[in-house]
Amino acid sequence: MGRDEIAARIRDLKIRRGALILAHNYQLGEVQDVADIVGDSLELSRAAASSEADAIVFCGVRFMAETAKLLSPGKTVLLPDARAGCWMADMVDVPGLERLKSEHPGTPVVCYVNSSVEVKAHSDVCCTSANAAAVVNAVARDRAIFVPDMNLGAWVARQTGKDLVLWPGWCLSHVRILPEDIERRRREFPDAVVMAHPECHPAVSAMADRVLSTGGMIEFARKCGAGRIIVATEIGILHRLQKENPGKSFIPASEAAVCPNMKLTSLESLLECLENMETRIEIDGPVARKASAAVGKMLAIR
Ligand code: CIZ
Ligand code: SF4
C-alpha cells in the first residue's frame, strides 16, 4: 500500500470509529499530516478533554496519552505503539522520589509532565515546559523539589529565583545538541535567531535568543520578524514550523536531536491502532485520582 492510500484509510476509519487523532509536535511529518490537531502535550490533552469524540488516538509517547486519559477518564484513549515511552520519565520512580521527599520534609514537589502517572500521584503539582516557571512561582515560597528534568529545573530556577532541589534526570535527545552546534550554526547563518527548548543543556539555553516550549516555538516563529530561525529541539517540529511558515527557513541546531520513542508511531501503526482499537490506556482508580489532582492544580494556576 502506498503512503497516500494508508493515509486515506486512516481518514476513513477515523470517521467510522468516531475518533480524534492528536499528534505531538515531535511526530513524523506524515503522522502530523493525518492528525486532526498537532500540538504540545498540554494543548493536546486539553483538546482531548473538550472534544465530543468517544476515542482519542494519541500519536506521541505514553505519559502524554496518560495525561489525556487523566483529563478524559470517560474516553477511550489509544497509544498506537505501546513501546513509545520516554527515557526521561523512566529516570525517576516512586521509591526514589519518596526518598528525596524524606530528605526535604514539607517541601512541595513539582513534577514535569514527562513522568509516569505514579510519580504524578506522589507529587503536589504537575507542570509542562510552557508553564513550569508559573507553577513553581505559585507553589514554592522559596524551595521546591523538581523532578525529573534537571535542565528544565535549572532554567526554571534561574527564571524564578527559587531554590529548586533537582532530580538528576535529562532528555537524551535534547542533550545531543551541543554548544558547538549553536556556534557553528551562528557562523553559517549570522542573521538567524536561535530558539532552544529548556530540556537542552544549560550551556545551550544560555546561548539562545529565546528559550521556549514547543508551543512557544510555534507561536514565536509565526510572530517574529526574522526570516531564518535556528531550532534547538527535537527535529520533528521542523515539519510543522516549515509548513506553517513557508516564507521562513528553519535550521535544526543538530540533526542528532531525534527522539526514537516519538518516531515509533508511523502511518502503519496508526492504521493498525484504528483497526484493532489498541493499545488502550487504563489507569488504576486511586492512582488516577491523585495524579489528576496534580494535573488539575496545574491547570488552575495558569
Ligand atoms: O509538553 C510537551 O509537549 C513537551 C514534552 C515538550 C514541549 O515543550 O512541548
Ligand atoms: Fe522523552 Fe526526550 Fe523523547 Fe521528549 S524528546 S519524549 S523528553 S526522550
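Counting starts at 1 for both ligands and their atoms, in listed order. Being a predicted model, the structure only gives us computed values, none of them experimental. Note that the numbering runs from 1 along the sequence shown for the chain.
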Just wondering, is there an N, O or S atom on C171 that's nearer than 2.8 Å to atom 2 (Fe) of ligand 2? yes
Within the side chain of S115, is there an N or O that forms a donor-acceptor pair under 3.5 Å with the backbone of C111? no
Would you say L42 contacts ligand 1, with heavy atoms under 4.0 Å as the rule? no
Counting non-hydrogen protein atoms only, what is the nearest one to atom 4 (C) of ligand 1? Give residue, atom name and distance. H24 NE2, 3.7 Å
If the test is side chain to side chain donor-acceptor pair (under 3.5 Å), which one of Q27, R240, H239 qualifies with D33? H239
Cationic N near anionic O, under 4.0 Å, K14 to D36: yes
Check for a donor-acceptor pair, side chain of K101 on one end and backbone N or O of H122 on the other, with a separation under 3.5 Å. yes
Check each heavy atom of N25 against ligand 1 and say whether those closer than 4.0 Å belong to the side chain, the backbone, both or neither. neither
Could you tell me if any non-hydrogen atom of N114 lies under 4.0 Å from any atom of ligand 2? yes
Give the residue, atom name and distance (to 0.1 Å) of the protein heavy atom nearest atom 3 (Fe) of ligand 2. C259 SG, 2.3 Å
heavy-atom search around atom 1 (Fe) of ligand 2 in the protein gives C86 SG, 2.3 Å
The reported gap from CD in E275 to CG in L270 (rounded to nearest 0.5 angstrom) is 10.0 Å
Near N114, which atoms of ligand 1 are under 4.0 Å from a heavy atom of that residue? 5 (C)
min-distance protein heavy atom vs atom 9 (O) of ligand 1 -> T214 OG1, 2.4 Å
Indicate, with yes or no, if I230 and V211 share a hydrophobic cluster defined by side-chain heavy-atom contacts under 4.5 Å among Ile, Leu, Val, Met, Phe, Trp and Tyr. no
Side-chain donor-acceptor pair under 3.5 Å between H174 and E234, yes or no? no
I need the atoms of ligand 2 closer than 4.0 Å to a non-hydrogen atom of W87, numbered in the order shown. 8 (S)
Starting at CE of M64, measure out to CG of L22 and round the result to the nearest 0.5 Å. 11.5 Å
Hey, what do you get for OG (S249) to CZ (F189), rounding to the nearest 0.5 Å? 7.0 Å
Counting from 1 in the order shown, the ligand 1 atoms closer than 4.0 Å to a non-hydrogen atom of H197 are 6 (C), 7 (C), 8 (O)
What atoms in ligand 1 come closer than 4.0 Å to a heavy atom of S213? 8 (O)
Within-4.5 Å side-chain heavy-atom neighbours: N131 and L42: yes
Out of all atoms in ligand 1, which are within 4.0 Å of some heavy atom of S41? Include the element for each. 1 (O), 2 (C), 3 (O)
Is ligand 1 less than 4.0 angstrom away from at least one heavy atom of M64? yes
Any idea which of G39, C127, S129 brings a heavy atom closest to atom 7 (C) of ligand 1? S129
Would you check whether E199 has a nitrogen or oxygen atom less than 3.5 angstrom from a nitrogen or oxygen atom of ligand 1? no
